[in-house]
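What follows is a short report on a single structure.
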Amino acid sequence: MNGIMTALLTPFNEDGTLNEKGLREVVRYNIDEMKVNGLYVGGSTGEAFLMDESTRKEVLRIVKSEAGSDVTLIAQIGSLNIEEAVRLGNEAKELGFDALSAITPYYYKFSFEEIKSYYQRITEETNHPMIVYSIPVLTGTEITIENYGELLALPNVIGVKYSDTNLSKLTKLKELHPDKVFFGGADDMLLQFAVSGADGAIGSTYSLLGKEANGVFNAVQTSSLQEARDLQNRMNKVISILEDVGVYQSIKHVLKQNGIDGGYMKFPFREISAEEKKEAEKIIDILSSG
Ligand code: NAY
């Protein structure tokens, strides 16, 4: 469950019906020519949200019958209608898809508790590996690091399709959940996703750029960038304290603890309190633990 996966497009006929021949060709092309590790079926690229349930099921059946066990198959089964999502999930499971994925419920401004209960219900009623699909640019739903933690703790939730561009958040998530899988979802930032700790990427453009994408990903994996990521994680722990307390104030304070006169702030900047100074001093421990 890693590497480059194509977010599969769906060929339609002119009258809007499914073009089975085209779909089979696209599947084969991705597997045989683009050499991708997997197919993500029924996502945004697949226009799934424009299809009725029976067509979505038909797409799953055709893709499975064409791909067999050649590559990893993930079925995006999310729907605003929970019963439909569960039915699609069970269909994909029975067909032999390796994992399910579901878009965060969209359109209405659902609370996190509602979003969590959506994944809870799908995973309970399908009992199959689940990848949360987060794409804030389209759904408007941002998930905090803490809330991701709650979703990733649900039974069967194995990872996130992270179609977000906040890469410092991704690095932190991977550090907090090393056993979960994270897929990048902005193809122009594949390199940055790979460097930031993504286990793979799912994207539309890999139907054309599969080989290049594999090249980018492998090049990053085989160099010593893991070390760079570990260092960045340490840096980010410090940066997060700095930002909480006040960046300039706490740098000055920590410098002072090291015998360097960082001086005071210029009015109207305020000086930090004794409590904030103690918080800033946590940085010294982090720096000395390296
Ligand atoms: C999906 O569900 O089809 C996806 O994986 C979405 C990922 C794509 N984003 C969107 C909004 O479709 O591959 C990207 C995107 O097409 C690419 O970065 C080019 O913009």
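In each ligand, atom 1 is the first atom listed, and ligand 1 is the first ligand listed.
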For this session: From atom 3 (O) of ligand 1, work out which of Leu138, Thr45, Leu9, Thr205 has a heavy atom at the shortest distance.
Result: Thr45
Problem set entry | Atom indices of ligand 1, in the order listed, that fall short of 4.0 Å to a heavy atom of Tyr133 | 1 (C), 2 (O), 4 (C), 6 (C)
Problem set entry | Derivation of the side chain to side chain contact (heavy atoms under 4.5 Å, CB included) call for Leu80 and Phe49 | CA-CA 9 Å; Leu80 280 184; Phe49 307 111; over 6 Å; no
For this session: Report, in ascending order of atom number, the atoms of ligand 1 lying under 4.0 Å from any heavy atom of Gly203.
Result: 13 (O)
Problem set entry | From CD1 (Ile239) to CG (Asp244), nearest 0.5 Å | 12.0 Å
For this session: For Ala186, take its heavy atoms, then give the atoms of ligand 1 lying under 4.0 Å from any of them.
Result: 18 (O)
Exercise. Any heavy atom of Lys161 sitting closer than 4.0 Å to ligand 1?
Worked result: yes
For this session: Please check if any side-chain donor atom of Thr17 sits under 3.5 Å from a side-chain acceptor atom of Asp15, or the reverse.
Result: yes
Exercise. Hey, are Glu84 and Arg56 close enough for a salt bridge, meaning a charged N less than 4.0 Å from a carboxylate O?
Worked result: yes
Problem set entry | Heavy-atom nearest neighbour in the protein, as seen from atom 8 (C) of ligand 1, with distance rounded to 0.1 Å | Ser204 OG, 3.4 Å
For this session: Please determine if Glu58 and Arg61 form a salt bridge, counting it only when a charged side-chain N lies under 4.0 Å from a carboxylate O.
Result: yes
Exercise. Given Ile135, Asp187, Asp188, which has its nearest heavy atom closest to atom 10 (C) of ligand 1?
Worked result: Ile135
For this session: Quick one: look up the protein heavy atom nearest atom 9 (N) of ligand 1 and list residue, atom name and how far away it is.
Result: Gly185 O, 4.1 Å
Problem set entry | Sub-4.0 Å protein heavy atom next to atom 20 (O) of ligand 1 | no
Problem set entry | Side chain, backbone, both or neither: Ser44 near ligand 1, heavy atoms under 4.0 Å | both
For this session: Show which atoms of ligand 1 fall inside a sub-4.0 Å distance from at least one heavy-atom site of Ile202.
Result: 5 (O)
Problem set entry | Residue of the set Tyr118, Tyr40, Tyr162, Tyr106 for which ring-ring contact (aromatic ring centres under 6.0 Å, His included) holds with Tyr133 | Tyr40
Exercise. Is the centre of the Phe269 ring less than 6.0 Å from the centre of the Tyr248 ring?
Worked result: yes
